[in-house]
There are 2 protein chains.
Amino acid sequence: MIQNKMFELVFQGEKPDSSEALADIKAVFTNGNSSQSVKGFYDGNGTYKVRFLPREAGVYSWKVTGAVKAEGQEECTASTQHGMVHTQGCHFVYENGDSYIPFGTTVYALIHQDDALEKETLQTLQTSPFNKIRFCVFPKSYEFNENGPREFAFCKDAEGNWDVDHPNYKFWNHLEEVISQLQEMDIESDLILFHPYDRWGFSKLAPEQNETYLRYLVRRLSAFPGIWWSMANEYDLCFAKSKEEWYKIEEIIKEEDVYGHLLSNHYCMKPYDYSRENMTHCSLQNVLFHKADKLMRKYQKPIVFDEFCYEGDIHYSWGNISAQEMTHRFWCAYCIGAFATHGETYLSDDDVLWWAKGGKLKGKSPERIAFLRELMESLPSAIEPWYEPESVTFGDEFLGYKAGPDHPIISLVTSLTEPEDDAGALKDKIFSGRCGDQVYIKYLGKHCPRKPFFILPEDHKYKIDVIDTWNMTRKTIMTGASGITWLDLGEAKEGIALLAVDE
Amino acid sequence: MIQNKMFELVFQGEKPDSSEALADIKAVFTNGNSSQSVKGFYDGNGTYKVRFLPREAGVYSWKVTGAVKAEGQEECTASTQHGMVHTQGCHFVYENGDSYIPFGTTVYALIHQDDALEKETLQTLQTSPFNKIRFCVFPKSYEFNENGPREFAFCKDAEGNWDVDHPNYKFWNHLEEVISQLQEMDIESDLILFHPYDRWGFSKLAPEQNETYLRYLVRRLSAFPGIWWSMANEYDLCFAKSKEEWYKIEEIIKEEDVYGHLLSNHYCMKPYDYSRENMTHCSLQNVLFHKADKLMRKYQKPIVFDEFCYEGDIHYSWGNISAQEMTHRFWCAYCIGAFATHGETYLSDDDVLWWAKGGKLKGKSPERIAFLRELMESLPSAIEPWYEPESVTFGDEFLGYKAGPDHPIISLVTSLTEPEDDAGALKDKIFSGRCGDQVYIKYLGKHCPRKPFFILPEDHKYKIDVIDTWNMTRKTIMTGASGITWLDLGEAKEGIALLAVDE
């Protein structure tokens, strides 16, 4: 047993009498005064498994009851394994305290392709900038997703209907193989439990069938440290499920997942209620980067722009932004302290689009995302939104009124409705963040000042770098900067970030 | 007297006893059964003027009363003069029925520069694509607007305060000279009556002073066909004026302007109430092009994006977008049936920035705007927003439900709140318009499909052109197109528009 790694007990026993998915087996793991009860599962051929994710080092005694009875003891050695990702305020952090900044990508039908393609995808990921991947349990039926899956999650009954009480063990073992390989590469599996793009009937299972499926899934997978639960891709298009069923799904996951993995729900048009206690973070589909700071204040949870159009050239608007625009959107998100997920949809003669099936990445944004990731991971702490005190540049007086808290512009600003305030941000916002007083960053985006300012604390001295986000260059243009600092970039262009680092 | 041209009567008389601004002189012009009463004004040196804009041909008899008494008769010859611009639904049209599509620019302190610069500005406008210009009556005090004006609108009293009852006639004659020259070039003067960027006290005149100023101004200027009233630049930053004063200002203008020139009010953060009856159109400062169609439905008035950042490189976010972005925003507006106003703010060694003082245009967007204007003016009628029936590409079934009005996605879409609907538009919207069934246009903007579709009526045949908005090329790629039409652009790039013209 190794701290923060999955531990597995395997037993032989009698095939379950009733549901193979809800086999009667559980274990209690005890380490000193702390004790954890976990459910095991049946894996076919008389094999029962109990999995456990030990998060503390020490000596664990365990006792298995139900269809199998056994007990034993294991020493869990302390390790430097990352373990699970948790939230910490509006950011993420690994169980072992290491920083984790998600850089996601999307391959919805990753596990439903043939071996050769899956291998190629995993190889691509190995050298990609991505450390989180969104993919589905169920196969996908949609344009560019016409091929059938290699395996289904369940067997069929005599009438040809899905029998959720009879898992297809080949499917589940393969899924776990993929999750394990991703874990090896430090890539989190943001596993999508439901989605509407279906021709096999998985999107229209009855609530009781969904419950059985979920209980089996979570009992099998929750001891993998590298897993997140994404209740759906576009939950609001899953028309067979009511709001109450989604709430019930949350409860089932919470009940079965004793570790508290990250949990969210992705939408198409109608945002899920991210204020719900079970939601660990916001999984958004929109381009409202200018609202990320407001959302952080509102939810006090990490904001992940999990879908905001893919780099590509297909006919759908959601799948044909340029590499420049994808890169731009990533910078908007990260410089304000939010996170983003990539996807790629280039038409291909072999009909293999990354977002659907994986394969090779063809776009020009991944290397820019790698450059951004390198920068973000070099920072001393997580980025918080920063409101640069721009008004100080106005001087003592503005519009004929003395600067200060009584200036009439203050009551105008505070009188704005949310849409009015959003409209202003959408027009003018610079994406600015800080790591305490150590680092300030401003991503200028579509704005191209030739001689921008940077309003820094007066009691520190900063080195200022100019970053060209597209050409991936970084150049120091000033040292010893302090207070209101004017810069000369020599040229005016889009996609520039300014970075001030405390000397 | 010429139809749709200003007619002026000039008299000598006694200097007014009290206010020179509110001199007692009026005239009645009668043409057959129709009669119009207009007020005249004092122009200094014992000169009184009465101006009249005849909109019908015929024989007018006129009678002047008050400080001067006179009468006479004039034949008004029919002309092809454009006359005033009016609204027609969500578009504009000249008095004589000719189409008018506004392509605005901004030179706030146009009339406050020296002769040489003003002449250069007017020369620049002569060959520019702009047919509307926003400029201020009062001088401007702000960064890049530090120089004092050549003349002020009023004289000062013995205590050195502005005396609105004593107009500075030199100022007014110069202003009219500029308006006349602009009219000669078919450029509408979108005259800004108030603004907050002031160091002389014009923004803090008392309501009674503003009233005198306005009555004088409208009596002098309303017979110019080429004039629009913009109550303010950024009314909401004019902190000395209450909402009630703005409403009163509307009423004063309405009372004095017997012709009903276009009237709107421009804001910084808090949109004016464009549903008010006196507002002829919406003068917006935002980048919410994706909402233009909704605003048209709401207000049933033209939507003019009068400010949405300027092409330039100054340090303010509102003044440093690229020529590409400016061009993009123009196309967004026009292809959905809205309108836009340009401005330019490039740093300059001589401190002459177009948006402030005029001079020469340095940017790369004007020639693209000219290209857009040429296209727009070639269309058979005004553009209305078009909702391409994209859903037909889904086929008979979508997400496991039969296509049609009972598809569950319909109730999802209709359940969306306005912010949810806006968020979707902001992410995916293609700016699409139509001229009846004769022309369909789709501006793809940041979206780069390589093989886009165009869903056209099945009972017409269209020629389809691909327009590169940046490189200003237009190429026919298909003829005889009808119904669901798939195109192959050969490449995927930003800034493409597709135009289908009925053969």
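Letters go in sequence order (proteins before strands), and every chain restarts at 1. Predicted model only: the values in this text are computed from it and were never measured.
Heavy-atom pairs under 4.5 Å with chain A were tallied for B/V287, B/L399, B/T345; the largest tally goes to B/L399. When A/L412, A/D236, A/L487 are compared by the number of non-hydrogen pairs under 4.5 Å with chain B, A/L412 comes out ahead. For the set B/K429, B/R199, B/E325, B/K270, the entry with the most heavy-atom pairs within less than 4.5 Å of chain A is B/K270. Ranked by heavy-atom pairs shorter than 4.5 Å toward chain B, the options A/L416, A/N286, A/L288, A/I321 are led by A/L416. Most heavy-atom pairs under 4.5 Å with chain B: of the set A/S411, A/P452, A/C309, this distinction falls to A/C309. Taking chain A as the reference chain and counting heavy-atom pairs below 4.5 Å, the highest number among B/L237, B/D198, B/I430 is found for B/L237.
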Steps toward side chain to side chain contact (heavy atoms under 4.5 Å, CB included) verdict (B/D428, A/Y316): CA-CA 9 Å; B/D428 284 342; A/Y316 290 111; over 6 Å; no
A/Y346/B/R450 under side chain to side chain contact (heavy atoms under 4.5 Å, CB included): CA gap, chis, key distance, verdict: CA-CA 9 Å; A/Y346 280 108; B/R450 184 146 61 88; over 6 Å; no
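Using a 4.5 Å cut-off between heavy atoms, A/S415 touches chain B through backbone and side chain atoms alike. Contact annotation for A/P419: neither backbone nor side-chain heavy atoms come within less than 4.5 Å of a heavy atom of chain B. The contact between B/F308 and chain A is made entirely by backbone atoms, counting heavy-atom distances below 4.5 Å. Using a 4.5 Å cut-off between heavy atoms, A/H195 makes no contact with chain B at all. Using a 4.5 Å cut-off between heavy atoms, B/H407 touches chain A through its side chain atoms alone.
Counted by atom type alone, B/K427 and A/Q285 present one or more donor-acceptor pairs between their side chains at under 3.5 Å.
Residues that satisfy the side chain to side chain contact (heavy atoms under 4.5 Å, CB included) test with A/N320, not counting sequence neighbours, are B/H447, B/P449. With sequence neighbours excluded, the residues that form a ring-ring contact (aromatic ring centres under 6.0 Å, His included) with A/W162 are A/F152, A/F202.
Within the cation-pi definition used here (under 6.0 Å to the ring centroid, within 45° of the axis), B/K204 qualifies as a partner of A/Y401.
With values rounded to the nearest 0.5 angstrom, B/E491 atom CD is found 11.0 Å from A/D313 atom CG. Atom CG of B/D421 and atom CE of A/M269 lie 9.0 Å apart (nearest 0.5 Å). Here the straight-line distance linking atom NZ of B/K446 with atom CD of A/Q324 works out to 9.5 Å at 0.5 Å rounding.
Around atom NZ of B/K294, more than 12 heavy atoms belonging to other residues, nucleotides or ligands sit under 6.0 Å away.
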